[in-house]
Amino acid sequence: MRNAYIAGVGNTSFGRHEGQNALDLMAQAASAALHGAQLNRNEIDGVLSGYATTMPHLMLSTLFCEKFSIQPNYCHSLQVGGATGAAMLMLARELVVSGRCQNVLVVAGENRLSGQTRDSSIQTLAQVGDADFEVPNGASVPAYYGLMASRYMHQTGVTQEDLAQFAVLMRNNAIRHPDSHLTSPITVADVVASKTIAAPLKLMDCCPISDGAMALVVSADPKVGVRVKMAGAGQAHLHQHLTAMTDVLDTGAARAARQAFKQANLQIADIDYLGIYDSFTITLVMLLEEIGFAPRAGAAERLRQGDFSATGSLPLNTHGGLLSFGHCGVAGGMAHAVEAYRQFNNAAGVRQVKPPKHAYVHADGGVMSSHVSLILSREG
Amino acid sequence: MVDMVASSSLAKSFVEGLSQHRLMYQHCDACGAAQTLAHYACQKCGAELLRWKESKGVGTVHSVTEVGRAPSDAFKALAPYTLAIVSLEEGFNLMAHAQAGLRIQEKVKATYFDHDGRVLVRFVRV
């Protein structure tokens with residue numbers, strides 16, 4: 001059986017890109033990824049794209065291919081909210097392993113910040129709620145996560161200060177990345193004192209809305225760099241809406257992770273780099289604890305011990321995550337994998353950690369609704 | 001009485017119930033499970049034998065938040081407001097407005113209020 005590898009990555013900066021639409025941003029990231037992989041356009045035989053709330057086109061993937069001047073044999077878009085990027089990478093792996101494709105371009109981008117008003121963006125995102133049972137109450141995405149956080153904290157004893165420490169860690173990481181959206185230093189006290197968006201979540205527990213794009217190439221035989229094998233993947237989808245989540249301690253994250261670990265024939269203890277979805281601080285804490293990278297209510301303690309820092313045993317989101325690198329939709333959830341690739345390749349500049357052997361990447365869509373787990377391993 | 005239109009035929013009975021200040025939920029005739037949200041088949045056993053029944057509207061707070069930043073103009077006038085997910089005695093969960101200051105596990109009952117052309121549930125302490 002063939003293996004699949006990440007062969008190159010590219011990105012725009014995250015933040016404000018006034019006057020650039022989703023395609024403009026996607027094209028910049030895709031160009032950088034092709035350049036990084038040392039591939040020509042005619043060598044790309046598969047394209048997977050995300051969606052853009054600012055460009056709700058029926059065929060975004062082929063629209064992009066026409067403008068970008070590539071003619072793949074396999075091409076479509078994919079939609080599972082914030083898990084879309086990881087789901088595209090999992091599918092790209094399947095396409096390469098099966099022999100269907102040789103080089104798959106995975107790309108997403110969106111002018112989510114400058115392409116619409118903030119109110120319009122918040123309203124669009126709130127529609128991930130149930131149209132009859134949830135949205136009419138004036139619920140928003142932070143409200144869904146606030147509700148979930150209240151339950152998780154009630155059952156486990158996680159505190160607001162625990163959550164705030166992850167916001168600070170992500171900010172400190174983002175400060176070291178030239179393409180980050182948010183780079184002003186913050187403290188735990190700043191996070192706790194920031195205004196309430198949806199209790200217990202404060203403004204600084206929430207990711208920003210950004211413009212930006214990310215792209216990766218998945219190949220059967222990468223031309224350059226460290227061979228970053230896609231060793232395992234898994235998914236779980238237990239519910240769509242928060243109200244239908246039956247157990248805040250079993251959201252599907254661990255079920256997806258178990259599949260990935262089984263496929264890679266690895267265990268939690270083998271992992272030495274983490275790229276974990278962090279739309280809110282509570283998202284990050286719940287994922288770390290459910291998957292098993294920390295005991296229940298123990299993630300913040302590991303952080304305080306320094307385990308998740310660049311010099312620790314398990315560096316986490318060294319680019320700054322959604323919380324501070326930024327969140328522009330699908331591409332925001334791809335940034336974790338892009339950063340992992342750079343860490344494998346000793347290409348993370350001042351953020352460089354001891355190059356990992358095995359990285360774990362996790363993304364969730366909706367309100368912990370769709371989970372996708374990926375394990376990346378250095379070969380040789 | 002407020003006339004409300006459901007976004008889907010699936011949720012019609014729930015939305016029409018609200019307009020009459022009645023809290024409706026689906027119940028499975030095969031296994032007896034109460035359903036959270038509206039479904040085509042039972043969440044527990046998969047049977048397509050769901051029937052709408054009326055809830056007494058009494059339950060306990062499962063989770064709670066205070067929304068400081070409303071998502072639309074219609075709700076900015078209400079902010080800050082409290083939302084909760086309540087576990088009803090019949091065995092289903094419902095997201096709704098709630099009395100300020102409620103805590104998880106407190107016992108509550110459903111009341112109704114009109115807002116922006118809709119009837120909404122507000123859970124208050126029993």
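Given the structure is predicted, the values throughout are model-derived calculations rather than measurements. Lettering follows sequence order; numbering is per chain, from 1.
Heavy atoms of other residues, nucleotides or ligands lying less than 6.0 angstrom from CD of B/E48 number 12 at most. Crowding of B/K76 atom NZ: a count of heavy atoms from other residues, nucleotides or ligands under 6.0 Å exceeding 12. For B/R103, the CZ atom is loosely surrounded, since the number of other residues' heavy atoms within 6.0 Å does not exceed 12.
There is no contact between A/Y145 and chain B, counting heavy-atom distances below 4.5 Å. Interface remark: B/L78 contributes no atoms to any contact with chain A (heavy atom separation under 4.5 Å). For chain A, the nearby part of B/Y81 is the side chain; its heavy atoms alone come within less than 4.5 Å. Heavy atoms of B/Q35 lying under 4.5 Å from chain A are absent altogether. Residue contact with chain B, scored on non-hydrogen atoms closer than 4.5 Å, involves the backbone and the side chain of A/A139 alike. Both the backbone and the side chain of A/D132 come within less than 4.5 Å of a heavy atom in chain B. For B/S8, the parts lying near chain A are the backbone and the side chain together; criterion is any non-hydrogen pair under 4.5 Å.
Shown here for B/V64 and A/S150, the closest heavy-atom pair between the two residues is N-OG, 2.9 Å. Heavy atoms only, all atoms of each residue included: A/A143 and B/V67 are closest at CB-CG2, 3.9 Å. Closest approach of B/L37 and A/A244 over heavy atoms only: CD1-CB, 3.9 Å. Closest approach of A/N137 and B/M95 over heavy atoms only: ND2-O, 3.2 Å.
Between the CD atom of A/Q155 and the OG atom of B/S63 there is a distance of 10.0 Å, given to the nearest 0.5 Å. Note that CE of A/M245 and NE2 of B/H62 are 9.0 Å apart. Values are rounded to the nearest 0.5 Å. Between B/I85 atom CD1 and A/F133 atom CZ the span is 13.0 Å, to the nearest 0.5 Å.
For the side-chain contact (heavy atoms from CB on, under 4.5 Å) with A/P136, the lone residue among B/L120, B/V15, B/L18 that qualifies is B/L120.
Contact tally against chain B (heavy-atom pairs below 4.5 Å) for A/L203, A/V248, A/T196, A/I197: the top residue is A/I197. Heavy-atom pairs under 4.5 Å with chain A peak, among B/A70, B/A79, B/A96, at B/A96. With chain A as partner, the option from B/G68, B/P80, B/A74 having the largest number of non-hydrogen pairs under 4.5 angstrom is B/G68.
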